[in-house]
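Working notes, beginning with the structure itself.
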Amino acid sequence: MGKRVALVLAGCGVFDGSEIHEASAALVHLSRGGAEVKIFAPNIEQRDVVNHLKGSPTEEKRNVLIESARLARGNIQDLAELKAGEFDAVIFPGGFGVAKNLCSWAVDGKNCTVNEHVNSTLQAFHSAKKPIGLCCISPVLAAKVFPGCEVTVGQDKNVDGRFPDAETASAIAELGCKHICKNVNESHVDKANKIVTTCAFMCKAPLHEIFDGIGTMVQEVLKLA
């Protein structure tokens, strides 16, 4: 039997939800790995709605679960219904919606709060010693919930202009966690906590390199499951 994996989304779209290419890449690699996947998202209002053509906020109101259903092709459940006992692992794609809807990192940085259902999901998988996969900005969730853990968001310096958000690594360190520098096509495995992270679009890289990096994260999660 394939591993049972829960995928948690934060909406639909890089600026206010889940990054679509990251979610798709995770699903492709999970499919290739023979995993049985169910998709979840919190049933809450988005922090904001961004016009992705102009890059500016609008006056619209949208729901995270309803928007995430676009990516899930309608086959999705409320995160409040996720039971860790029914799965072998959980994966969180990135996108700025993670920092806006799943937690308040976009506004509060290291002083952020984490959505109650996101927090309880992470705690449940961690307590059961089941692997947690995170990419792009979503490793900040682990950094906030599990002080002392090891994660990567790429590099801690803006190497060759490819890591414009490198200061995130410093904020992670300030939370008492260890940031591990990795290239876009690599992932880091915190064996003690069973947390697997990769930087994805935190690096300005060709799409195929981001796809491959997410593939290494998924493969490591499935190995640990």
Side-chain angles (χ1 to χ4, degrees), residues 5-27 30 37-82 90-122 132-145 151 153-154 164-165 168 171-172 197-204 207 210-211 213-214 217-218:
V5 180
L7 188 83
V8 181
L9 298 179
C12 182
V14 58
F15 299 132
D16 58 13
S18 288
E19 211 296 321
I20 293 169
H21 298 293
E22 291 179 12
S24 179
L27 287 166
L30 285 166
V37 181
K38 290 189 178 179
I39 304 174
F40 298 84
N43 186 10
I44 57 175
E45 188 175 292
Q46 290 184 189
R47 177 176 289 273
D48 63 12
V49 177
V50 175
N51 178 326
H52 279 57
L53 182 62
K54 296 181 178 179
S56 56
T58 72
E59 296 300 316
E60 289 182 67
K61 302 292 183 184
R62 297 192 185 185
N63 176 280
V64 174
L65 178 60
I66 292 171
E67 290 301 295
S68 298
R70 294 174 181 271
L71 280 170
R73 297 171 61 88
N75 189 10
I76 194 167
Q77 294 173 258
D78 187 336
L79 182 59
E81 299 172 6
L82 193 160
V90 63
I91 288 177
F92 289 77
F96 212 31
V98 171
K100 291 180 174 181
N101 304 325
L102 302 192
C103 70
S104 63
W105 187 278
V107 176
D108 302 319
K110 63 185 176 63
N111 298 316
C112 72
T113 56
V114 179
N115 171 273
E116 61 174 317
H117 296 303
V118 173
N119 183 68
S120 62
T121 295
L122 289 166
I132 299 166
L134 309 112
C135 66
C136 194
I137 191 63
S138 64
V140 302
L141 296 172
K144 185 66 180 182
V145 176
V151 299
V153 289
D165 300 306
T168 304
I172 286 169
T197 51
T198 190
C199 69
F201 277 101
M202 294 292 277
C203 178
K204 288 185 175 180
L207 182 57
I210 292 164
F211 182 88
I214 292 171
M217 181 266 286
V218 169

Say whether, by atom type as modelled, one donor and one acceptor occur between the side chain of Ser18 and the main chain of Ala10 under 3.5 angstrom. yes
Mind checking whether Val218 and Ile91 have side chains closer than 4.5 Å, heavy atoms only? yes
Side chains of Cys103 and Lys144, heavy atoms from C-beta outward: is any pair under 4.5 Å? no
With rounding to the nearest 0.5 angstrom, report the CG to CG distance, Leu102 to Asn119. 11.5 Å
Nearest heavy-atom neighbours spanning Pro42 and Leu79: N-CB, 3.7 Å
Those residues at least two apart in sequence (or on a different chain) that pass side chain to side chain contact (heavy atoms under 4.5 Å, CB included) with Leu27 are Leu7, Val37, Ile39
Taking all atoms of both residues into account, what is the closest heavy-atom pair of Leu122 and Val145, and its distance? CD1-CG2, 3.9 Å
Sequence neighbours left out, what passes ring-ring contact (aromatic ring centres under 6.0 Å, His included) with Phe40? Give chain and number order. Phe87
Residues 6-27 vs salt bridge (Lys or Arg N to Asp or Glu O under 4.0 Å), sequence neighbours excluded, gives none
State, to 0.1 Å, how close Ala41 and Ser68 come at their nearest heavy-atom pair, and which atoms those are. CB-OG, 3.4 Å
ring-ring contact (aromatic ring centres under 6.0 Å, His included): which pairs involve residues 95-115, sequence neighbours left out? none
Pair up each side-chain donor or acceptor in residues 135-142 with any protein partner under 3.5 Å, not counting sequence neighbours, and list the distances.
unit_1 : atom_1 : unit_2 : atom_2 : d
Ser138 : OG     : Phe92  : O      : 3.0
Ser138 : OG     : Cys135 : N      : 2.8
Ser138 : OG     : Cys135 : O      : 2.7

Which pair of heavy atoms, one from Asn101 and one from Asn115, lies closest together, and at what distance? O-CB, 4.2 Å
Enumerate the salt bridge (Lys or Arg N to Asp or Glu O under 4.0 Å) contacts for residues 70-79, please, sequence neighbours excluded, ordered by first and then second residue. Glu67-Arg70
Are Thr197 and Val153 close enough that some pair of their side-chain heavy atoms sits under 4.5 Å apart? no
Would you check if Val151 and Ile172 make a side-chain contact, meaning some heavy-atom pair closer than 4.5 Å? yes
Once side chain to side chain contact (heavy atoms under 4.5 Å, CB included) is applied, do any residues pair with Leu53, and if so which ones, sequence neighbours excluded? Asn51
Report yes or no: does Ser24 contribute a side-chain atom to a donor-acceptor pair with the main-chain N or O of Ile20 at less than 3.5 Å? no
By salt bridge (Lys or Arg N to Asp or Glu O under 4.0 Å) - contacts of Glu60 (at least two apart): Arg62
What pairs of residues pass the salt bridge (Lys or Arg N to Asp or Glu O under 4.0 Å) test when at least one of them lies in residues 104-117, not counting sequence neighbours? Lys110-Glu174
Does Cys203 reach the side chain of Ile210, with side-chain heavy atoms less than 4.5 Å apart? no
In terms of heavy-atom contacts, Met217 and Gly133 come closest through SD-CA, 3.8 Å
So which pairs with a foot in residues 37-49 pass side chain to side chain donor-acceptor pair (under 3.5 Å), sequence neighbours left out? Asn43-Asn63, Asp48-Lys100
From CG (Leu82) to OG1 (Thr121), nearest 0.5 Å: 5.0 Å
Summary of ring-ring contact (aromatic ring centres under 6.0 Å, His included) pairs that have at least one residue in residues 41-71, sequence neighbours excluded: Phe15-His52
